[in-house]
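Some notes on the structure that comes next.
Along the sequence shown, residues carry numbers from 1. What you see below is based on every heavy atom in this structure, not just the backbone, and it leaves out hydrogens, waters and symmetry mates.
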Amino acid sequence: MSDPRALLQKADKNINAGTGMFKMFVDLEGKYEEAVTWCTEAANELYTREQFIESGNAFEKAANIYIGKLDRGLDAAPLLVEASETYVNDPEGGPDAIRCLNAAIEIFRKKDLSRAAKHMESMASVYQKQLNNPQKAMECYEQAATWQEKKSNAQITANNIWLKAADIAVNERNYEKAIKIFEKVGKGYIGHKNMRFSVKGYLFNAGICHLAEGGLTAVNNALEDYSRCDSGIGGFATQKEYQLLMHLSAASEDNSTAAFRAAVEQYKFLLNNWQMDVLNEVESKLEAAIKDKRFLDNLSGFE
């Protein structure tokens with residue numbers, strides 16, 4: 001079993017071989033390559049010992065040799081990714097993981113935008129799961145999706161990333177953002193032979209978010225738009241999802257929580273957990289609005 005500290009000391013000695021009066025007689029490139037090897041060996045040994053911060057530091061050190069001594073950024077980038085993937089194993093390693101991924105992304109985006117997008121998606125996951133920063137996670141997913149869209153034949157991959165951003169938007173009650181993404185993905189699949197079946201689901205999601213936004217005019221305009229965009233046999237207006245949205249819109253317009261609740265109950269087989277949560281929220285807002293109206297009506301009766 002190798003001693004990682006000894007390996008890192010040997011790497012330091014090689015790195016410093018590029019200084020002093022005899023440096024012109026030294027094969028510096030070979031010394032630096034050897035230092036990279038020792039750093040990565042040390043990093044792997046530290047990883048097996050579950051010393052994740054130290055392991056990440058060693059991977060970074062190897063990457064910095066490629067960048068600072070050998071001017072080989074594309075060789076450094078995978079090591080920066082390894083450093084990031086190591087840091088996230090430590091509860092306090094999230095910021096270091098983000099820093100390394102940022103550095104790797106800056107290298108990849110100049111040469112390979114698809115790989116940059118992949119690692120931007122990884123960075124979103126760190127923000128979401130480890131750093132509890134949904135806003136930054138959503139921004140990273142959006143950037144990753146935008147980059148994937150620039151690659152040919154990658155629209156489905158891009159859309160899957162867009163939908164991760166939409167999920168966060170719903171959780172954060174940013175319904176306007178969620179609507180834009182669900183509509184973008186749903187409408188984009190209308191003419192897609194293999195993904196046509198999924199259109200109704202994404203438009204349904206957008207419709208539920210419109211209800212949560214609370215503007216009945218916007219809801220009805222959206223339903224009309226979806227019916228027009230996705231028309232014909234099997235179009236959105238022929239689907240149970242459309243029927244439910246129409247019932248819910250009508251119940252909201254009539255200020256009837258009973259009708260709203262009945263529609264949800266009738267079509268609950270269509271609803272997943274987040275959709276049910278949002279509709280419960282809409283029903284609560286409707287009920288509060290009805291109570292406020294009754295209160296105002298009662299006040300006007302005393303005038």
Side-chain angles (χ1 to χ4, degrees), residues 1-8 11-12 15 32-148 151 154 157-158 160-165 167-168:
M1 183 179 294
S2 301
D3 179 0
R5 273 76 187 175
L7 290 170
L8 291 172
D12 284 336
I15 293 168
Y32 295 147
E33 288 276 11
E34 198 172 36
V36 168
T37 299
W38 284 329
C39 286
T40 54
E41 285 182 12
N44 287 322
E45 180 59 33
L46 289 162
Y47 188 94
T48 63
R49 300 181 186 187
E50 298 188 357
Q51 295 175 252
F52 298 120
I53 297 298
E54 293 84 353
S55 176
N57 289 340
F59 278 124
E60 268 198 273
K61 188 169 189 170
N64 287 332
I65 296 169
Y66 273 134
I67 293 170
K69 299 295 186 180
L70 294 168
D71 193 25
R72 285 160 53 182
L74 283 176
D75 289 321
L79 288 168
L80 289 167
V81 172
E82 282 199 71
S84 173
E85 291 173 347
T86 301
Y87 283 133
V88 294
N89 289 287
D90 188 278
E92 304 301 321
D96 289 322
I98 293 294
R99 176 172 48 76
C100 288
L101 280 173
N102 261 321
I105 288 166
E106 283 303 306
I107 294 169
F108 281 130
R109 66 181 296 193
K110 298 171 185 176
K111 298 288 185 179
D112 189 342
L113 200 57
S114 181
R115 289 180 78 180
K118 175 185 175 183
H119 297 305
M120 182 64 76
E121 189 178 0
S122 298
M123 188 155 68
S125 181
V126 176
Y127 274 122
Q128 185 177 9
K129 298 176 182 178
Q130 190 159 1
L131 297 178
N132 193 29
N133 190 333
Q135 181 60 39
K136 288 294 293 183
M138 185 164 59
E139 291 171 5
C140 289
Y141 281 132
E142 289 179 282
Q143 183 62 75
T146 299
W147 284 344
Q148 285 287 8
K151 181 183 174 185
T157 300
N160 288 337
I161 302 172
W162 280 119
L163 292 170
K164 292 180 181 180
D167 286 343
I168 295 176

Handout entry: Under the salt bridge (charged side-chain N to carboxylate O under 4.0 Å, His left out) test, residues paired with D12 that sit two or more places apart
Key = K61
Handout entry: Distance in Å, Q51 CD paired with N57 CG, rounded so as to fall on 0.5 Å steps
Key = 11.0 Å
Handout entry: Candidate pair L7 and C39, rule side-chain contact (heavy atoms from CB on, under 4.5 Å), full reasoning
Key = CA-CA 7 Å; L7 290 170; C39 286; over 6 Å; no
Considering only distance and modelled atom types, tabulate donor-acceptor pairs under 3.5 Å from the side chains of residues 92-106, sequence neighbours left out.
from : atom 1 : to   : atom 2 : distance (Å)
D96  : OD1    : R99  : NH2    : 2.8
R99  : NH1    : E60  : OE1    : 3.1
R99  : NH1    : E60  : OE2    : 2.5
R99  : NH2    : E60  : OE1    : 3.1
E106 : OE2    : R109 : NH1    : 3.4

Handout entry: Test of ring centre spacing under 6.0 Å for Y87 and F52
Key = no
Exercise for the section: State which residues pass salt bridge (charged side-chain N to carboxylate O under 4.0 Å, His left out) with E33; sequence neighbours excluded, sorted by chain then number. Expected result: R72
Exercise for the section: Please round to the nearest 0.5 Å and tell me the distance separating atom CG of N64 and atom CG of L79. Expected result: 10.0 Å
Practice task
Please confirm whether the backbone N or O of D90 pairs with a side-chain atom of Q130, one donor and one acceptor, at under 3.5 Å?
Solution key: yes
Handout entry: Polar side-chain atom of T40 near backbone of V36 as donor-acceptor pair, under 3.5 Å
Key = yes
Exercise for the section: Go through the structure and list residues passing side-chain contact (heavy atoms from CB on, under 4.5 Å) with A145, not counting sequence neighbours. Expected result: I161, W162
Handout entry: Side chain T86, main chain E82, donor-acceptor under 3.5 Å
Key = yes
Handout entry: All pairs passing salt bridge (Lys or Arg N to Asp or Glu O under 4.0 Å) where residues 134-148 contributes a residue, at least two apart
Key = K136-E139, E142-K177
Handout entry: Atom pair CZ/NZ of R115 and K151 - distance to nearest 0.5 Å
Key = 11.0 Å
Fill in the blank from the handout: Contacts satisfying salt bridge (Lys or Arg N to Asp or Glu O under 4.0 Å) that involve residues 121-130 (not counting sequence neighbours) are E121-K164
Handout entry: Atom pair CH2/OG of W147 and S114 - distance to nearest 0.5 Å
Key = 11.5 Å
